[in-house]
Trainee: 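Once you've had a glance at the structure underneath, I'll fire off some questions.
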Amino acid sequence: MNPKFESIQFLALLRREVLEHRNLFIWAPAVLGLLIFVIDFLIVQGLDERTKIAFLEGLARFFGGGSPANMSPVFVFSTLPFLFILFMCATLYLTNSLYQDRRELSILFWQSMPVSNLKTVLSKVVAITVIAPVFYCAVIFALYVIAILWLIVSGLSYDIEVAGLGYMFLSAVLSVPVVYLFALTSALWLFPYMGWLLLFSAFAGRTPLLWAIGSLALILFLEGFLFDTQFLSNWIETRSDIDNFLIVEYGGLFARLFSYEMFIGLVVGGLLTTGAVFMRRFID
Amino acid sequence: MKDLVLKNRYTLLLTVILAYVILIVVEGAITDRQPDWLLFDNSLFTLDLRDIEELSNLDFDLNADL
């Protein structure tokens, strides 16, 4: 098939994923961003004038003259609520996406089209790994712009030296690509988890999340009960340890990406995702 | 073999899970994988909470006269 047609078709599949799951991709981070802004706004409005001035001066002094690259990790930590929501949305999305296709019988339509099961499943993986973090980072960036403009206007109204807030803005902007890469590498690290959810999303007749959790619990129990070993629990503990994929600066990126642990995770995730692709041929 | 694996959704699921378990067990046995929940090692700090176990060796005499 024509490669140009293939790429256009894949882009159309990605667009479909975004349009069908706008709540998880766009509205979830937007609502969280708004909520964080409103809470911060109310907290600062609640301060008396002297504390507000001291707060603004403190911020300007803290960031003033410092290297924005060195200060950007501060902002990466502040985006952890967004990354947590992204993780929750990804879990819901992966659990329901293939299951929903079968429940609504739209799988019959898609299988009548020249779209392979492999492409459909890959579009879901790429959508949540590569596309979803873009929307989350866009909301984070918008939040930074609004918050820092608000701080600068407040600073000017109190006649405070606001040059340090400019450095703060640069640090915040530099942290956004790090947050994106953190989300991306986390998704790659958790690829076995994604594959597991996709497998049960393609398999289960109902409640795919329950099937995914129940099956895992059963396998863990059987391993311990029958063989008295803990290879599987060791594997899951290593995979779910956030310290193994936490990135707060560019320096940690390559060590995480090009490691044996990442490679074996991709192999295991690939195996489970392949299972999900083949499972698509069974329609209730 | 292919017909057996792809006979129905249950045989396929069982095969995939079996392959998954075998891969994890073989990889775990070769690399001697150990969980490292208590070891935090990143570019900002390194913290090994397993050392805290040494605290349990400390002997506190609660009945000592003050």
Side-chain angles (χ1 to χ4, degrees), chain A residues 73 76-77 192 195-196 199-200 202-205 211 215-216 218-220 222-223 227 229-253 255-256 260-261 264-265 267-284, chain B:
Chain A
V76 176
F77 281 110
W196 186 262
L199 178 67
F200 283 92
F203 167 79
W211 269 96
S215 304
L216 191 63
L218 183 67
I219 296 170
L220 287 171
L222 287 177
E223 191 204 1
F227 303 107
T229 57
Q230 48 177 357
F231 290 113
L232 281 169
S233 56
N234 284 352
W235 163 262
I236 292 165
E237 282 176 33
T238 311
R239 282 285 133 186
S240 54
D241 184 357
I242 192 171
D243 192 50
N244 283 332
F245 53 91
L246 180 67
I247 294 170
V248 291
E249 56 185 355
Y250 291 105
L253 183 66
R256 298 285 189 230
Y260 167 76
E261 290 293 335
I264 192 69
V267 171
V268 173
L271 170 75
L272 295 167
T273 310
T274 308
V277 172
F278 279 103
M279 195 67 80
R280 289 266 295 174
R281 64 175 59 197
F282 302 111
I283 305 167
D284 296 330
Chain B
M1 183 71 177
K2 190 182 170 188
D3 290 341
L4 182 69
V5 171
L6 297 175
K7 191 178 172 187
N8 57 47
R9 62 175 61 231
Y10 299 100
T11 54
L12 177 59
L13 182 72
L14 212 61
T15 309
V16 173
I17 290 180
L18 205 63
Y20 168 73
V21 170
I22 290 170
L23 183 61
I24 298 298
V25 169
V26 169
E27 194 269 344
I30 291 171
T31 59
D32 192 23
R33 182 184 295 281
Q34 296 294 329
D36 51 2
W37 276 87
L38 300 177
L39 176 64
F40 298 90
D41 182 18
N42 56 53
S43 55
L44 293 181
F45 60 89
T46 301
L47 178 65
D48 190 353
L49 291 178
R50 289 171 298 190
D51 292 344
I52 285 179
E53 285 173 11
E54 289 173 15
L55 290 174
S56 61
N57 298 329
L58 294 175
D59 186 23
F60 294 102
D61 187 2
L62 297 175
N63 296 320
D65 294 330
L66 294 173

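Quick caveat: nothing in here was measured; it's all calculated off a predicted structure. Residue numbers start from 1 in every chain, and the chains themselves are labelled A, B, ... in the order their sequence lines are given, proteins ahead of strands.
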Trainee: Non-hydrogen atoms of chain A under 4.5 Å away: do they reach the side chain of B:Thr31, the backbone, both or neither?
Mentor: side chain
Trainee: CG of B:Leu12 to OG1 of A:Thr274: how many Å apart, nearest 0.5 Å?
Mentor: 10.5 Å
Trainee: Would you name the heavy atoms of B:Glu27 and A:Tyr260 that are closest together and state the gap between them?
Mentor: OE2-OH, 2.7 Å
Trainee: Set out, in order, the CA-CA distance, both residues' side-chain angles and the distance that settles side-chain contact (heavy atoms from CB on, under 4.5 Å) for B:Val16 and A:Phe278, then state yes or no.
Mentor: CA-CA 10 Å; B:Val16 173; A:Phe278 279 103; over 6 Å; no
Trainee: Taking the six-membered ring for Trp, are A:Phe203 and B:Tyr10 parallel (under 30°), tilted (30 to 60°) or perpendicular (over 60°)?
Mentor: perpendicular
Trainee: With a 4.5 angstrom heavy-atom cut-off, is it the side chain or the backbone of B:Ile17 that approaches chain A, or both, or neither?
Mentor: side chain
Trainee: Please evaluate residues A:Phe200 and B:Leu13 with respect to the criterion side-chain contact (heavy atoms from CB on, under 4.5 Å), reporting the C-alpha separation (whole Å), side-chain torsions for both, the decisive distance (0.1 Å), and the verdict.
Mentor: CA-CA 9 Å; A:Phe200 283 92; B:Leu13 182 72; 4.0 Å; yes
Trainee: Could you check which of B:Val21, B:Leu23, B:Leu6 has the highest count of heavy-atom pairs closer than 4.5 Å to chain A?
Mentor: B:Leu6
Trainee: Looking at every non-hydrogen atom in both residues, tell me the closest pair between B:Arg33 and A:Asn234 and how far apart they are.
Mentor: O-ND2, 3.2 Å
Trainee: Tell me, side chain or backbone of A:Ala276 under 4.5 Å from chain B's heavy atoms, or both, or neither?
Mentor: neither
Trainee: Does A:Leu232 form a side-chain contact (heavy atoms from CB on, under 4.5 Å) with B:Tyr20? I'd like the steps, not just the answer.
Mentor: CA-CA 10 Å; A:Leu232 281 169; B:Tyr20 168 73; 4.1 Å; yes
